[in-house]
2 protein chains.
Amino acid sequence: MELARATNRSVRLRNRAALLTKLFLDGPLTRQDLVRSTGLSQPAVSNVVSDLIEEGLVAEAGAAESDGGRPSMMLRIAPRFAFLVGVDVGETRVRVELFDFAMTLLASVEYPLDPARTEPAEVAGHVLAGIDAVTGAAGVAPADVLGVGIGVSGVVSQGEHAVVHAQALGWDRVPLERLIAAGTDLPLHIDNGAKTLGQAEMWFGAGRGARHAVFALVGSGVGAAVVTGGVTYRGASSSAGEWGHTTLVYGGRPCRCGALGCLEAYVGAEAIIERYREARRGRPVPGEDEESQLNALIDDAATSATARQVLDDTAAYLGAGVANLINLFNPERVVLGGWAAMALADLLPAVREAAGRQALRQPYEQASIELCRLGVDAVALGAATLPIARFLADGGVRR
Amino acid sequence: MELARATNRSVRLRNRAALLTKLFLDGPLTRQDLVRSTGLSQPAVSNVVSDLIEEGLVAEAGAAESDGGRPSMMLRIAPRFAFLVGVDVGETRVRVELFDFAMTLLASVEYPLDPARTEPAEVAGHVLAGIDAVTGAAGVAPADVLGVGIGVSGVVSQGEHAVVHAQALGWDRVPLERLIAAGTDLPLHIDNGAKTLGQAEMWFGAGRGARHAVFALVGSGVGAAVVTGGVTYRGASSSAGEWGHTTLVYGGRPCRCGALGCLEAYVGAEAIIERYREARRGRPVPGEDEESQLNALIDDAATSATARQVLDDTAAYLGAGVANLINLFNPERVVLGGWAAMALADLLPAVREAAGRQALRQPYEQASIELCRLGVDAVALGAATLPIARFLADGGVRR
DNA sequence: CCACTTTAATGACGACATTAATTAAGCCGT
DNA sequence: ACGGCTTAATTAATGTCGTCATTAAAGTGG
C-alpha cells in the first residue's frame with residue numbers, strides 16, 4: 001500500500017538485490033543465466049556484477065561448459081565474504097553456530113539450560129559467550145560477522161528492540177535483544193524459533209521453490225511458520241502463526257495456555273503421552289523424557305490396540321489442524337517438522353487423509369503435505385539466514 | 001523473493017503509483033503534503049503531478065488555507081477521469097453498480113436469481129446486461145469504463161481466466177470470466193465476494209489505516225478476507241481465508257461442505273437457526289426466510305432462556321473462531337461483517353470476551369474486534385475497487 | 001587457419017531524481 | 001500602498017543508471 005519513493009540509486013540497489021538473491025539461492029550461475037532470469041540487459045548485468053566482484057561479494061568460479069562460442073564464467077557468492085552466527089534458544093539449551101556465507105557450518109557450541117528457572121540474563125550471557133567461542137574457534141574476526149540471528153521458542157514482538165514472551169521458559173516481556181545488545185555491537189535479529197526453522201526449510205529444505213508454504217512444527221509444543229509470497233508472514237506484532245493454540249476441540253482438553261481444546265493439547269508430544277497414559281487407565285508411560293516416552297508409545301503400537309488408537313487419533317487431530325491451515329492460508333505446501341512429527345513420520349499418510357476429509361477440496365488439491373528435510377537443529381541455521389535476508393534485500397549494502 | 005528488475009522508467013512508474021495511491025486514499029492533498037508523505041523532492045512531485053494533470057488523472061481543486069506565504073493548491077483525483085463497474089454475484093441476485101472515480105454511486109441495477117438452479121450463462125448474461133444498463137442510465141461511454149470488478153460468493157481460482165467453485169450455487173469449475181469476456185472487451189477482475197467486501201472496508205470502512213486486518217463475514221455461510229501488509233492475501237490459488245470451514249468442534253455437527261464441526265456449522269445463520277430449532281425440541285422457528293428467523297430468535301431472547309442460551313453459545317463459538325484468526329494472523333483489527341453478524345451486533349462484547357479466553361494474551365491485546373461500517377451491499381463497491389487497485393499499482397497507466 | 005558462434009565490454013543516448021537557485025503568490029505591519 | 005517575510009512552485013545544473021548498438025574476446029569445427 002504505502003509505496004516507498006524510488007530514485008535512480010534505488011534502481012541499482014534493486015537490481016543488485018535481485019542478482020544477489022538469485023546467486024545466493026540458485027548459484028553458481030553465469031552472467032547469461034542472470035540475464036535470462038532477471039530480464040536485465042547484458043551490459044546491466046555485467047556492470048552490476050563487476051561492482052559486486054570488486055567489492056568481494058561475488059567471485060568468478062571457472063568457466064562453464066560450452067559447445068562453441070566463448071564460454072561463460074560461473075559466478076558465485078564469495079563464501080568468505082562474511083560470516084553469520086545463528087543461535088537456537090530452546091527450552092533446554094542454547095546452541096550457537098557459526099557459518100560462512102555459503103552456509104557451511106564452521107563451529108558450534110552448546111550450553112545446557114535448567115528448564116526449571118531460566119534467567120534471561122543467563123541466556124544472554126550464553127549467547128555472548130557463544131559468539132566469542134565460535135568466532136574464536138574458527139579464527140573469524142568479529143568485524144567479519146555480518147550479523148547474529150537468534151531463534152527463540154516463544155512469541156517475539158518486534159519493535160525498537162525485540163521482546164520475548166515465552167510461557168515455557170516463564171518469560172513475559174523479556175527484553176532479550178537489549179540484554180544481548182549490551183554485550184556486543186553486532187547487528188541482532190531475533191525471531192521465533194519456528195519461524196527461523198521455516199526459513200531454513202524454505203531456503204534449503206522442503207520449502208524450496210514454493211511461494212506459499214506453511215511449516216507446521218510439532219515438538220513438545222506446537223507452532224507454525226507461514227511463508228506468503230516467499231517471505232515469512234509476521235503479522236502486526238510478529239506473533240502470527242500460533243497454530244498450537246488455535247481451538248480444534250471446542251470446550252475440550254485444557255491447554256497449558258489456559259484455554260480449552262487447543263490443538264497443542266491434543267498433538268503436542270506432552271499431550272500425546274498424556275492421552276496414552278489416560279488410555280492406559282493412568283499407568284505411566286515408561287521413559288525418562290518425552291522423546292523416549294513417545295518412542296515407547298510408537299513401539300507399543302505394533303502390539304497394542306490402545307497405543308494404535310492413540311496414534312490414529314493423533315493423526316486425525318493433526319490432519320484436522322493441517323486442514324485448517326490449508327483452508328485459511330491456501331499454501332502450495334505444508335511441511336511437517338519438529339522432533340515429534342519426525343518421530344511420527346509413519347503417520348503421514350493418515351494425516352494426509354484426515355486433512356482431506358476436513359479441508360475444502362479445491363485448496364486441498366493445491367497443497368502437498370510433506371515432511372521436513374533438515375531436522376530439528378535447523379533452527380540455528382534458519383536464524384543465521386535472517387541477517388543474510390536483510391543483507392540481500394538491501395542489495396548487499398550493510399546498513 | 002523473486003525481485004523484478006528495475007529500469008529507469010520503473011522509477012517514474014513507482015513514484016506515480018505512490019502519489020496516485022496517496023491521493024486516491026487520502027486526498028485531496030497539496031503538493032507539499034505529497035512531498036512530506038512520500039519523501040520525494042519538491043521538483044519531483046511537481047513534475048509527476050504536472051504529468052498527471054496533463055493526462056487528466058488529477059485536477060487542482062482550489063487553494064488550501066494559509067497563514068502567510070503562497071497558499072498551496074489542493075490536488076485530487078479527477079472524479080470523472082474514468083468509471084468503474086462493480087458486480088455482486090450473490091446466491092439470490094446479481095447486482096451491478098456504476099461508480100465514478102471518486103467512488104460515488106451513479107447507477108445500479110439488480111437481477112434476481114433462482115437459487116435452486118443458477119446457470120452460469122444466465123449470470124454472465126445478467127452481468128453483461130447490467131453493464132449496458134448502468135452505463136446507459138448514467139450516460140457513460142463504455143470506453144470510459146476502466147474495468148469491471150466482480151465479487152462472487154464462492155471460491156475463485158485465479159489463472160489465465162478466473163474459475164469459480166460455488167457450492168451454494170452448485171458451481172464446480174465454472175469459467176465465469178471466459179463466459180463474461182465473450183460479451184465485452186472491458187477488463188475483468190473476478191474475486192471472492194468476501195474478499196471484495198474486505199477490500200471495501202479496508203479502503204473506506206472499518207479497516208482504514210490498518211496494515212493487517214481480518215474481515216470475518218457471517219451470513220448464511222461464513223467466510224473471511226485477510227489483509228496483510230495492506231493487500232488482500234490470496235494464497236496459492238486465491239482461495240485463502242476459508243474460515244467458515246475450519247474445524248472448531250472436532251467431530252462435531254455436520255457441515256454442508258461434508259466435514260464435521262466446521263465453524264460455519266455453528267455460527268452460520270442457517271446453523272444458528274437450526275440449533276435454535278433443536279433447542280426448541282424440533283419446533284420450527286417462525287419466519288419465511290433466514291433473516292426473519294434470525295430476528296425471531298433475537299426477539300425471543302428477551303424472554304426465553306432457551307433463545308438466550310443459543311445466542312450465548314453463538315457468541316462463544318464465534319469468539320473462539322475469532323481467537324483462531326487472531327492467533328494465526330496476528331491482525332491489528334478483526335472486523336465482523338455480513339448480515340447475520342450485523343443482526344447479532346449486540347453480541348459483540350460477548351464475542352470479544354470469548355475471544356480473549358481462547359486467544360493468546362499477546363496477540364489478543366494487539367487486536368481490536370469491531371463491527372463493519374459499510375453494510376452488506378459493499379460487495380459491489382469492493383469489487384469496483386479491483387480495477388482501481390490495479391490501475392493505481394500500475395502508476396495510472398492502462399495495460 | 002579461418003568462418004562461425006557465443007560471451008563480455010564500450011560508448012552514445014535518454015529517462016529521472018536531486019540539490020540549489022529563482023520566481024510566484026500570498027500574509028502583515030507601518 | 002508598500003516593503004519585508006514566509007511558503008509554494010518552477011527552472012537549471014548535476015549525476016546515476018539502464019538500454020541499444022557496436023566492438024572485442026574467446027572458444028569450436030571444418
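Protein chains get the first letters and strands the later ones, always in sequence-line order, with residue 1 at the start of each.
- Scanning for side chain to side chain contact (heavy atoms under 4.5 Å, CB included) contacts around A:Arg208 gives A:Asp26, with sequence neighbours left out.
- Residues that satisfy the salt bridge (Lys or Arg N to Asp or Glu O under 4.0 Å) test with B:Arg234, not counting sequence neighbours, are B:Asp191.
- With sequence neighbours left out, B:Phe329 forms a ring pair (Phe, Tyr, Trp, His ring centres under 6.0 Å) with A:Phe329.
- Checked against side chain to side chain contact (heavy atoms under 4.5 Å, CB included), B:Pro43 has the following partners two or more places apart in sequence or in another chain: B:Ser41.
- In summary, the side chains of A:Thr232 and A:Gln199 do present a donor paired with an acceptor at a separation below 3.5 Å, with no hydrogens or angles considered.
- Under the rule for a salt bridge (Lys or Arg N to Asp or Glu O under 4.0 Å), the partners of A:Asp33 that lie at least two apart in sequence or sit in another chain are A:Arg36.
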Enumerate, atom names and distances included, each donor-acceptor pair closer than 3.5 Å involving a side-chain atom of residues 390-397 of chain B, sequence neighbours excluded.
unit_1	atom_1	unit_2	atom_2	d
B:Asp394	OD1	B:Arg399	NH2	3.2
B:Asp394	OD2	B:Arg399	NE	2.8
B:Asp394	OD2	B:Arg399	NH2	3.4

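- A heavy-atom distance below 4.0 Å to DNA chain D is reached by none of the residues of residues 50-61 of chain B.
- The nearest whole Å value for the distance from the CZ atom in B:Arg14 to the C1' atom in C:dA15 is 17 Å.
- Residues that satisfy the salt bridge (Lys or Arg N to Asp or Glu O under 4.0 Å) test with B:Arg12, not counting sequence neighbours, are B:Asp51.
- Every side chain to side chain contact (heavy atoms under 4.5 Å, CB included) that A:Ser10 has, sequence neighbours left out, goes to A:Ala6, A:Thr7.
- Between the CZ atom of B:Arg31 and the C1' atom of D:dA8 there is a distance of 9 Å, given to the nearest Å.
- When heavy atoms are screened at a 4.0 angstrom cut-off, B:Ser46 is found touching base atoms of the nucleic acid.
- Remark: B:Ser237 engages A:Asn330, A:Gln362, A:Gln366, B:Ser239 in a side chain to side chain contact (heavy atoms under 4.5 Å, CB included) (not counting sequence neighbours).
- Relative to the axis of its first five pairs, the axis of the last five pairs of the helix from C:dC1-D:dG30 to C:dT30-D:dA1 sits at 10°, rounded to 10 degrees.
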Worksheet item: What does nucleotides 16-26 of chain C look like as a protein-contact string, B for base, S for sugar-phosphate only, - for none, at under 4.0 angstrom between heavy atoms?
Response: BSBBB---BBB
